[in-house]
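Since the model is a prediction, treat every value here as computed from it, not as a measurement. Just follow the structure's listing: the first ligand is 1, and inside any ligand the first atom is 1. The residues of the chain are indexed from 1 along the displayed sequence.
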Amino acid sequence: MPKQLTVMNILVLGSGGREHTFAWKLAQSPRCKELFVAPGNSGTNDIATNLNISVTDFEAIKNCVLKHKIDMVVVGPEDPLVLGIHDYFSKDAALKHVLIIGPQQKAAQLEGSKEFAKQFLIKHNIPTAAYQSFTKNTLEAGYEFLEKLQPPYVLKADGLAAGKGVLIIDNLDEAKQELKQMLVDAKFGKASQTVVIEEFLDGIELSCFVLTDGKNYKILPTAKDYKRIGEGDTGLNTGGMGAVSPVPFADKDFMHKIEERIVKPTINGLKEDGIPYQGFIFIGLIKVGNDPKVIEYNVRMGDPETEVVLPRLKTDLVELFKSFKDQSLNTISLEIDNKAATTIMLVSGGYPESYEKGKLINGIPNVSDSLVFHAGASIQNNTIVTSGGRVLAVTSFGDSYEEAIKKSYQSIEKISFDKMYYRKDIGFDL
Ligand code: AMP
Ligand code: GLY
């Protein structure tokens, strides 16, 4: 008789394109019994049960987990991790059997505090930009440090600031003014009580994703996202307007450098410092000359990077996650599709500034050559309408990234909503 698979009820926390992609991938696993997403969106509604609770309402999450006999919680965004959802579960007798995919609170500081991340990087000799950090009481020293640096000046609010806390400024006087606004005038609230000032690194960015059970690790496909709203990487920063995987310039040699100089010291550093970590590590990198340097850590997957990384993963995701229970990730081999994947974000006109919601979205069922992951989209009166800035991510495969991008753009022709906008140059710099 064939061995019976252990099946699990799974809850995904979040409501973006990343979470729709997680749900899509988890739903394909024979090990996934019932799938829930909280709060979810119109895309997750098709493949899972959406639960109308906030990702930071731990008590409500606890009640749902008990009610639906959930065995595993996959945490999409950083907020619940930085607020300690992993520890909340492990400290509660009724919840501690539940497997949490996402790191413990101490580890989540790698994203929750830029200062903590910089200290970790320096301590473990991981290549990164030189830096110093300042508070209100050391404002004058901050000015002096800025005077010693070459422009542009990189100022980072220490804490979470919804992706807005990094300023890159060309002019010294302006940099000083901004530093004062961050430290003294609380420009980013508590998040900018401490400010990290660092050396500007000039190069091309990419991201490396690592899955770790705290003991072993697997390197997932690389990806590159496009953060600015305007073509040619101009205009305001967004959550991400598109992504490509793999990154063509991250060849074998370069990946070897990333693994030896960055991934291994990161995993070993966590162990050495007694910081348990079970989940994804998203390492933001910049290629300076031929060498990778770390720009930042995130303690979750990227969005829209997930929309190109997970579709290329052939291995059963539930099986990978399940191995965290006994730290046996090393016993599973990763299978990655050789094809390139790209995703293009369709956003609401006006985003990342103010935009209108509730616009009817047409044409999704007409798309057959691409995967359409829903982000800021929800169901109203049985129709799909926009409910956020980033609305849909259109992912395609190809033998090359050029071919994949072409397919996404062809699929996008079939989709429309009032004031829809997207970048037409994703991949332009590769
Ligand atoms: P972060 O939130 O740390 O990822 O920073 C946001 C963006 O600012 C990054 O994706 C980079 O484009 C840019 N950035 C951050 N730090 C530096 C740096 N030291 N040199 C150049 N660009 C940087
Ligand atoms: N796309 C960048 C991020 O998820 O932080």
(message) Checking Glu115 against Thr194 for the side chain to side chain donor-acceptor pair (under 3.5 Å) test, could you report, in this order, the C-alpha distance in whole Å, the side-chain angles of both residues, the deciding distance, and whether it holds?
(response) CA-CA 8 Å; Glu115 153 109 61; Thr194 298; 5.0 Å; no
(request) State whether the number of non-hydrogen atoms from other residues, nucleotides or ligands found under 6.0 Å of Lys190 atom NZ is greater than 12. (result) no
(message) Could you tell me if Lys62 sits above the aromatic ring of Phe58, with its cationic atom closer than 6.0 Å to the ring centre and no more than 45 degrees from the axis?
(response) no
(request) Using atom types as modelled and distance alone, determine if a side-chain donor or acceptor of Asp425 lies under 3.5 Å from a backbone N or O of Phe428. (result) no
(message) I need the contact residues for ligand 1: any residue with a non-hydrogen atom closer than 4.0 Å to the ligand, ordered by chain then number.
(response) Lys114, Ala129, Val154, Lys156, Val166, Ile168, Glu198, Glu199, Phe200, Leu201, Glu205, Lys227, Ile295, Glu296
(request) Please check if atom NZ in Lys407 has more than 12 non-hydrogen atoms from other residues, nucleotides or ligands closer than 6.0 Å. (result) yes
(message) Measuring from atom CG of Asp71 to atom NZ of Lys322, what distance do you get when rounded to the nearest 0.5 angstrom?
(response) 11.0 Å
(message) Looking only at the side chains, is there a donor atom on one of Thr266 and Tyr297 sitting less than 3.5 Å from an acceptor on the other?
(response) yes
One line per pair, note the atom names and distance for all nitrogen or oxygen contacts under 3.5 Å between ligand 2 and the protein.
{"unit_1": "ligand 2", "atom_1": "1 (N)", "unit_2": "Asp225", "atom_2": "OD2", "d": "2.8"}
{"unit_1": "ligand 2", "atom_1": "1 (N)", "unit_2": "Gly239", "atom_2": "O", "d": "3.1"}
{"unit_1": "ligand 2", "atom_1": "1 (N)", "unit_2": "Asp303", "atom_2": "O", "d": "2.9"}
{"unit_1": "ligand 2", "atom_1": "1 (N)", "unit_2": "Glu305", "atom_2": "OE1", "d": "2.9"}
{"unit_1": "ligand 2", "atom_1": "1 (N)", "unit_2": "Glu305", "atom_2": "OE2", "d": "3.2"}
{"unit_1": "ligand 2", "atom_1": "4 (O)", "unit_2": "Arg300", "atom_2": "NH1", "d": "3.1"}
{"unit_1": "ligand 2", "atom_1": "4 (O)", "unit_2": "Asp303", "atom_2": "N", "d": "2.9"}
{"unit_1": "ligand 2", "atom_1": "5 (O)", "unit_2": "Arg300", "atom_2": "NH1", "d": "3.4"}
{"unit_1": "ligand 2", "atom_1": "5 (O)", "unit_2": "Arg300", "atom_2": "NH2", "d": "2.9"}

(message) Out of the candidates Ser368, Ser370, Ser396, only one should pair with Ser411 under the side-chain hydrogen bond (donor to acceptor under 3.5 Å, both in side chains) rule; please name it.
(response) Ser370
(message) Parallel, tilted or perpendicular: which one describes the rings of Phe321 and Phe280, with boundaries at 30° and 60°?
(response) perpendicular
